[in-house]
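Worksheet: one structure, shown below.
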Amino acid sequence: MTHLVLDDVVDDGLGPISLRFRHGLFTLFGDSLTSLAGLVEILAGVRRARRGRALLDGSEVSDDPNARRRVASLLPTESLLPARSVSDALELAAALHGETLSGSDVLERAGLARFGKLAPEHLGRLEQRALSLALALSLEQSEVLLLHDPFALHALVPKMTTIARCRERAEHACVVVTTPLLEEAIELGGSACRIERGRPVPHAGLAASRALSVGLVVRSHDAERLAELCAAQPAFQYVLYDRERSARELLVFGADLGALAQALCGLARKEELSLDALAPMVSPQLSGVV
Amino acid sequence: MSAWQLGARLTTHRLRGERTPLVLLACVLLAALVAYLERRAGGSEAVNRALERDCFGILLPLTGYFTFQRATAGGRLDSTVRTVARHGISGRSAWLGAALAPIVLLTLLGMTFAAATVCFARGVPSEGLARDLWQSTGIGAFAGAAYGAWLAASSDLGRFGSGRKWMLLLDLLLGSGSETLGLPWPRSHIQNLLGAEPLAGFGQGTAFAVLLTSALSVLLVAVRRAPD
């Protein structure tokens with residue numbers, strides 16, 4: 001199973017921030033698009049953080065071409081690969097990711113067939129991003145899909161196409177989407193986390209995740225170890241642990257509260273870890289989150 | 001397609017514009033015009049002045065700077081390469097390919113500038129022109145490649161590749177003197193090869209070896225520094 005980890009990352013306007021993603025749909029939302037853009041660039045291995053690392057199954061993404069091959073992404077600024085036509089550029093990019101795709105098929109699926117024969121350098125910034133989004137959504141074998149603010153392109157790629165494809169891909173891959181709007185995070189579904197001043201705000205993510213998942217507040221002397229173990233278990237959709245905020249508390253999310261508690265107790269018993277308290281999460285009101 | 005081929009394709013694509021041939025032709029014509037003016041100014045040193053001061057002292061380094069500005073779209077070379085390396089190819093190989101395209105262009109430009117300068121500064125036909133052309137175009141090729149290597153390496157420094165400006169400034173300030181500080185910079189050795197006052201008493205063979213070694217060294221260091 002794919003593990004994408006942001007390990008104690010500090011960069012311009014970011015962090016320190018540590019996040020773990022497994023397969024599923026995750027939305028990072030917040031008012032600073034610059035912070036979110038930085039996060040996606042670091043996760044995609046396009047640039048290194050000033051401190052900390054982005055790891056895909058233990059390999060540093062920015063230093064490992066094989067890890068990057070497994071990541072399909074939509075970055076804040078995009079430029080297609082040099083080629084005679086958009087269609088050729090998309091085919092070349094797909095081939096580098098180890099997939100044989102027809103450029104015209106990719107474009108047709110996203111409703112962008114009219115761009116197929118144009119030269120990439122004649123396209124504007126929005127168009128280049130829309131075409132990159134079409135490519136990222138089409139790369140079936142990629143284990144990680146990172147999309148930065150894809151809904152800003154709704155004029156070119158319909159929002160529902162992006163949402164449907166993200167949900168579809170989330171069944172087999174780790175899908176991380178950033179958006180400045182909580183409403184879009186809720187619309188997308190999956191787990192959500194608010195990034196504020198470059199750091200995650202755990203409880204704020206609940207409003208978006210409540211539609212699909214329920215949460216438990218867990219108090220334990222071994223909270224950190226427990227968080228690590230939960231992150232590796234498929235029963236937990238999403239685990240939040242912030243050592244500085246509360247060293248003995250973690251939040252776990254899943255589809256069913258009973259199954260979540262059972263899995264947690266089983267894990268604690270097996271690993272001989274203490275569990276001091278378990279309480280169901282009370283979802284905050286949307287107005288409270290905003 | 002291999003990583004270095006893709007890197008080379010990226011910068012070649014950026015360098016190849018509708019106006020590029022016109023701009024390059026204008027640069028060659030400028031070299032020729034300056035050489036012609038030197039000849040009109042007279043003196044037996046017209047060819048040397050045109051080559052040492054105008055052609056390889058000003059025109060080639062400036063053309064090199066603008067070539068890399070264009071190839072990197074005014075940014076860093078390593079950032080340029082990341083746009084292709086993100087698809088899962090080796091960043092280092094792509095960097096090398098991306099650097100090679102402008103280096104090859106500068107090598108050819110160095111040869112063309114030298115040929116135009118010699119022809120217009122001496123006049124055609126003239127005695128010993130063929131020998132002079134042979135020697136000057138050879139030096140032009142090495143000068144273009146050396147500046148290309150230094151500019152490629154310095155393009156990875158500074159937020160928007162501002163290392164290029166600093167490299168040219170240091171080359172101008174330190175490379176023009178005959179002090180030890182001028183030793184690593186291409187300018188002093190190119191001048192030496194053209195017959196100017198040698199740096200630290202180096203012979204032309206040594207100057208050539210130092211020029212080659214320093215260019216290869218900075219290129220190697222830059223490749224090693226580039227993230228894979």
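From a predicted model like this one, the values you see are computed outputs, not experimental measurements. Just so we're on the same page: letters track the sequence lines, and every chain starts at 1.
- Contacts of A:Leu92 with chain B are made by side-chain atoms alone, with heavy-atom separations under 4.5 Å and no backbone atom involved.
- A donor-acceptor pair under 3.5 Å links the side-chain atoms of B:Arg86 to the main chain of A:Ser73, judged by distance alone.
- For CZ of A:Arg114, the number of neighbouring non-hydrogen atoms (other residues, nucleotides, ligands) closer than 6.0 Å is greater than 12.
- Rounding to the nearest 0.5 Å places NE2 of B:His13 at 10.5 Å from OG of A:Ser79.
- Of residues 144-169 of chain B, not one residue has a non-hydrogen atom less than 4.5 Å from any non-hydrogen atom of chain A.
- Contacts between A:Arg70 and chain B at a heavy-atom distance below 4.5 Å are absent for every atom of the residue.
- Distance alone, capped at 3.5 Å, is enough to place a donor-acceptor pair between the A:Arg68 side chain and the B:Ile89 backbone.
- Within 6.0 Å of atom CZ in A:Arg109, more than 12 heavy atoms from other residues, nucleotides or ligands are found, so the atom counts as buried in its surroundings.
- Of all the listed residues (A:Asp63, A:Val61, A:Thr77), the one sharing the greatest number of non-hydrogen pairs under 4.5 Å with chain B is A:Asp63.
- Annotation: B:Phe120, atom CZ; neighbour count of heavy atoms from other residues, nucleotides and ligands within 6.0 Å does not exceed 12.
- Residue-level contacts of residues 56-83 of chain B with chain A, in order of numbering, are B:Arg82, B:Thr83; threshold 4.5 Å between heavy atoms.
- Residues A:Pro65 and B:Asp228 share a closest heavy-atom pair of CG-O, 3.6 Å.
- Looking at A:Glu121, only its side chain comes within 4.5 Å of chain B, counting heavy atoms on both sides.
- When heavy atoms are compared at a cutoff of 4.5 Å, A:Ala83 approaches chain B by way of both its backbone and its side chain.
- Heavy atoms from other residues, nucleotides or ligands lying under 6.0 Å from CZ of A:Arg197 number 12 at most.
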